[in-house]
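Below: the structure, in structure tokens.
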Amino acid sequence: MPLGPLDVLADLGGHVLLLGIGHTSNTTIHLAEQRLGRSLFYRYAKTAPGVWAEFPNVSGESHRFDDLEPALAPKATEVRIGDCRARLVAVRDVLEATDRAVRADPRALLCADPACERCADAYGQRLASA
Ligand SMILES: [Zn+2]
């Protein structure tokens, strides 16, 4: 499972360190989505001539993950390293903020653009599993 190491990190009380990036690159949020039952994606790749492999539980869209910034900023330790904004936040806090946002609104962290197939798929799957 691609998110397995983050699952272990959550159990160990670990932290996420964001170095010059935002929550759109915070893979821990995908773990929270998975725990909430939001289905992840399947990818297919040709591994040899004529051989296709299925890779389940691949993380989906993340372009709205910065919506969690207001909830996570008070819980993060932030410093500047030159031009780099460095933030440290507990995995547990990321999971709780995501859980709270998605339970309050199943469309949280998804965009309203009907052309955004990944967000539409994630929302449809969420409804299907509810
Ligand atoms: Zn979208």
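Only a predicted model underlies this, so the values are computations on that prediction, with no experimental measurement involved.
Linking Ile, Leu, Val, Met, Phe, Trp and Tyr whenever their side-chain heavy atoms come within less than 4.5 Å leaves Val91 and Val8 in two separate clusters. A continuous path of hydrophobic side-chain contacts links Ile21 to Leu6 [ILVMFWY only; heavy atoms under 4.5 Å].
What you find for Gly20 and Cys84 is that their closest heavy atoms are N-SG, 3.4 Å. Shown here for Ala53 and Thr47, the closest heavy-atom pair between the two residues is CB-CG2, 3.6 Å. Nearest approach of Ala101 to Ala108, heavy atoms of both residues: O-CB, 3.4 Å. Closest heavy-atom contact between Tyr44 and Glu54: OH-OE2, 3.1 Å.
With values rounded to the nearest 0.5 angstrom, Leu19 atom CG is found 11.0 Å from Ser25 atom OG. Note that CG of Leu68 and CG of Leu109 are 4.5 Å apart. Values are rounded to the nearest 0.5 Å. Summarising the geometry, atom CG belonging to Leu110 is positioned 11.0 Å from atom OG belonging to Ser62; distances are rounded to the nearest 0.5 Å.
Residues His23 and Ile29 form a side-chain contact, since some pair of their non-hydrogen atoms from C-beta on lies under 4.5 Å apart. In this structure, the side chains of Leu72 and Arg87 stay at 4.5 Å or more apart for every pair of heavy atoms. Looking only at side-chain heavy atoms (C-beta outward), Leu3 and His30 come within less than 4.5 Å of each other.
The salt bridge (Lys or Arg N to Asp or Glu O under 4.0 Å) analysis of residues 89-102, with sequence neighbours excluded, yields the pairs Asp99-Arg103.
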Could you go through Arg64 and Glu69, starting from their C-alpha distance and side-chain angles, then the distance that decides it, and tell me whether this counts as salt bridge (Lys or Arg N to Asp or Glu O under 4.0 Å)?
CA-CA 10 Å; Arg64 292 287 305 270; Glu69 176 70 19; over 6 Å; no
Begin from the C-alpha positions of Val79 and Ile81 and carry the test side-chain contact (heavy atoms from CB on, under 4.5 Å) through to its verdict.
CA-CA 7 Å; Val79 296; Ile81 305 171; 4.3 Å; yes
Hey, mind stepping through Asp7 and Arg35 against side-chain contact (heavy atoms from CB on, under 4.5 Å) and telling me if it holds?
CA-CA 10 Å; Asp7 210 16; Arg35 287 181 170 191; 2.6 Å; yes
With side-chain contact (heavy atoms from CB on, under 4.5 Å) as the test, would you mind laying out the steps for Leu88 and Val16 before giving the verdict?
CA-CA 6 Å; Leu88 184 70; Val16 176; over 6 Å; no
